[in-house]
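Here the structure is a predicted model, which means the values were calculated and not measured. Naming convention: chains lettered A, B, ... in sequence-line order (proteins, then strands); numbering from 1 in each chain.
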Number of protein chains: 2
Amino acid sequence: MGGPKLPEQERCDTILAAAYQIALTEGLDAVTARRVATAAGISSGLVFFHFQSKDGLLQALLDVLLDGTLDALTDPALAALAPWDRLERMIRVELDRLVQYHAGVELLFAFYFARRDEVFRARIEASFGRYHDAFLPVCREAVGTAVPVGSGSTIATTGAPGAPGAPDAPDAPDESAGTRAGSPAGGVSADDLATSVVALIQGASIQAIRNPAAVDPEALLATVRALRPRPAERS
Amino acid sequence: MGGPKLPEQERCDTILAAAYQIALTEGLDAVTARRVATAAGISSGLVFFHFQSKDGLLQALLDVLLDGTLDALTDPALAALAPWDRLERMIRVELDRLVQYHAGVELLFAFYFARRDEVFRARIEASFGRYHDAFLPVCREAVGTAVPVGSGSTIATTGAPGAPGAPDAPDAPDESAGTRAGSPAGGVSADDLATSVVALIQGASIQAIRNPAAVDPEALLATVRALRPRPAERS
DNA sequence: GCCTACATTGATCACCGGGTCAATGGCGCG
DNA sequence: CGCGCCATTGACCCGGTGATCAATGTAGGC
């Protein structure tokens with residue numbers, strides 16, 4: 001009994017990797033101390049030695065899962081784009097990520113729905129909240145600088161780019177009367193837009209879990225694009 | 001030992017009600033034969049007598065959960081409305097339902113993510129699929145009859161987006177731009193619209209679970225409304 | 001009233017989960 | 001070399017789970 005010593009961090013990583021692997025392939029329920037230990041090639045007791053309890057292990061696992069989730073959305077390269085382009089780009093990036101890591105996303109949902117523990121929920125919800133926050137600024141910009149059709153001034157959005165690969169987007173609701181309070185030009189307020197975008201992405205994440213191959217980012221993007229006001233419009 | 005006889009159906013309903021109650025308030029994990037039996041005021045063995053296994057119990061529970069999910073969307077009263085109004089109405093009804101029965105929706109997700117069993121998943125996914133199907137016809141109508149503005153419905157798609165307001169498409173992964181056929185007047189094809197609507201609602205359902213009070217149906221409806229083409233003016 | 005059919009009981013089994021712990025191994029240091 | 005520290009082991013405990021089953025009570029037909 002007794003085994004080769006390994007540096008603390010490395011052992012923890014080994015265990016976590018094993019746990020992650022099991023969770024991804026066999027579900028969260030399959031993550032038991034014994035199975036993780038076996039998969040990691042160690043004894044069960046060691047799991048409790050490094051993480052004090054199973055809860056500790058799962059917390060750490062959630063850390064891994066949540067780590068770096070929002071990095072793609074803060075890519076500085078995005079700052080260069082005009083608001084609507086940036087928004088579109090962010091959505092595309094996010095959708096691609098969801099499809100690519102659908103197993104991880106599924107695991108995240110499993111965490112949320114299986115463990116009703118307050119701590120887990122709070123952290124995941126916080127992550128979702130940051131999601132919304134990440135989209136709000138762009139939405140504000142997009143809505144704000146959106147449609148200068150009536151009141152001239154700057155058309156900042158449309159600088160020089162001659163729109164080489166301009167997508168379809170035939171026409172858009174140019175002058176819709178904003179029934180909703182605080183609803184500026186585009187017909188949607190920034191908050192409404194952000195809320196909708198987040199809902200759209202979250203909904204897509206569920207579809208990505210159901211059938212990753214069937215998710216069509218273009219369908220959702222086409223919808224978003226239709227929201228985009230067009231200053232000059234043919235009739 | 002031995003107890004008062006009750007008609008088969010009634011006993012089953014009693015057990016199911018108890019199981020449902022426990023599942024709603026304490027989560028799916030808390031649904032054990034013993035707890036259900038205690039809550040129903042019977043002995044544990046009886047649970048297995050009526051439902052052969054715990055799986056059987058859960059199947060029946062899922063039945064209860066899935067039953068009548070789509071009824072509201074086929075309300076004949078909806079047929080009288082114009083397409084876009086009907087679509088809007090359906091979404092509103094659905095969102096309200098999600099908020100009202102958020103606990104049930106959460107339970108549904110718990111079923112989906114906790115039990116990775118094929119049977120459960122298949123049934124829930126089928127339900128989601130029907131969801132999509134329920135929205136498709138309206139979307140078709142809405143897109144089709146959408147914009148009598150100017151000329152014939154068919155041009156739009158890739159006609160000639162003068163693209164004054166369309167800066168460079170972010171990355172335009174070739175497939176997107178022109179090839180996205182079947183996108184009539186509104187800027188979105190019927191399928192895209194249906195996909196987006198379903199995603200929107202599913203996303204909203206997640207938010208409803210997080211915090212039912214914070215869900216703002218108007219925000220999402222405002223977005224949908226912004227998708228609606230305005231020929232001239234409406235109220 | 002009796003007897004068959006069946007709902008009902010609760011003790012019981014095998015199993016598996018989280019968590020503990022004394023014993024043991026290796027490793028560095030004096 | 002010897003000593004002590006600590007990672008490591010795996011057997012062990014306890015509780016809870018799904019499931020079984022002989023025994024028992026009740027209802028309804030004759």
query = Does the side chain of B:Ser189 reach to within under 4.5 Å of the side chain of B:Val143, using non-hydrogen atoms?
reply =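 The answer is no, as the side chains (C-beta and beyond) never meet within the 4.5 Å cut-off.
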
task = Find out whether A:Leu73 and A:Phe135 are in side-chain contact, i.e. whether some heavy atom of one side chain is under 4.5 Å from a heavy atom of the other.
result =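 Side chain of A:Leu73 against side chain of A:Phe135, heavy atoms only: contact under 4.5 Å found.
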
inquiry  = Can you confirm whether the side chains of B:Glu94 and B:Tyr131 place a donor and an acceptor under 3.5 Å from each other?
reply    =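 The criterion, which ignores hydrogens and geometry beyond distance, is satisfied for B:Tyr131 and B:Glu94.
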
Passing option when B:Leu16 is tested against B:Asp63, B:Leu61, B:Val36 for side-chain contact (heavy atoms from CB on, under 4.5 Å) =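 In the set B:Asp63, B:Leu61, B:Val36, the residue that makes a side-chain contact (heavy atoms from CB on, under 4.5 Å) with B:Leu16 is B:Leu61.
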
Atom-pair distance ([atom1] on [X]; [atom2] on [N]), nearest Å:
| X | N | atom1 | atom2 | result |
| --- | --- | --- | --- | --- |
| B:Phe49 | D:dG25 | CZ | P | 17 Å |
| B:His50 | C:dC6 | NE2 | P | 13 Å |
| B:Phe51 | C:dA7 | CZ | P | 13 Å |
| B:Leu28 | D:dT17 | CG | C1' | 15 Å |
| A:Arg35 | D:dG10 | CZ | C1' | 19 Å |

ask   = Which residues within residues 16-23 of chain B lie with some heavy atom under 4.0 Å of an atom in DNA chain C?
value =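 Heavy-atom cutoff 4.0 Å gives no residues at all.
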
request  = Please tell me which of B:Val31 and A:Ile42 maps to the more 5' nucleotide of DNA chain D, matching each residue to the nucleotide holding its nearest heavy atom.
outcome  =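 The 5'-side residue here is A:Ile42.
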
ask   = When you check the phosphate oxygens OP1 and OP2 of C:dT8, does a side-chain N or O of B:Arg11 lie under 4.0 Å from one of them?
value =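 Checking B:Arg11 against C:dT8: at least one side-chain N or O falls below 4.0 Å of OP1 or OP2.
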
Checking contacts here: which listed nucleotide ([options]) is nearest the side-chain heavy atoms of [X]?
| X | options | answer |
| --- | --- | --- |
| A:Phe48 | C:dT8, C:dG18, D:dA7 | C:dG18 |
| A:Ser53 | C:dG17, C:dG19, C:dG10 | C:dG19 |
| A:Ser44 | D:dA11, C:dT8, D:dG18 | D:dA11 |
| A:Leu46 | D:dT9, D:dC12, D:dG18 | D:dT9 |

task = Could you say whether A:Gly45 or A:Asp29 is positioned toward the 5' end of DNA chain C, judged by the nucleotide with the nearest heavy atom to each?
result =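 In this pair, the answer is A:Asp29.
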
ask   = For B:Tyr101, does the OH atom have more than 12 heavy-atom neighbours from other residues, nucleotides or ligands under 6.0 Å away?
value =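 No, OH of B:Tyr101 has 12 or fewer neighbouring heavy atoms, counting only those of other groups under 6.0 Å.
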
ask   = Are any side-chain N or O atoms of A:His102 and backbone N or O atoms of A:Val99, one a donor and one an acceptor, separated by less than 3.5 Å?
value =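 Yes, because the side chain of A:His102 sits within donor-acceptor range (under 3.5 Å) of the backbone of A:Val99.
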
inquiry  = Determine whether a donor-acceptor pair (one donor, one acceptor, N or O, separation below 3.5 Å) exists between the side chain of B:Arg34 and the base of D:dG16.
reply    =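 In this structure, the two groups form no donor-acceptor pair.
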
request  = To the nearest 0.5 angstrom, please state how far the CG atom of B:Leu62 sits from the CZ atom of B:Arg123.
outcome  =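 B:Leu62 CG to B:Arg123 CZ: 4.5 Å, rounded to 0.5 Å.
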
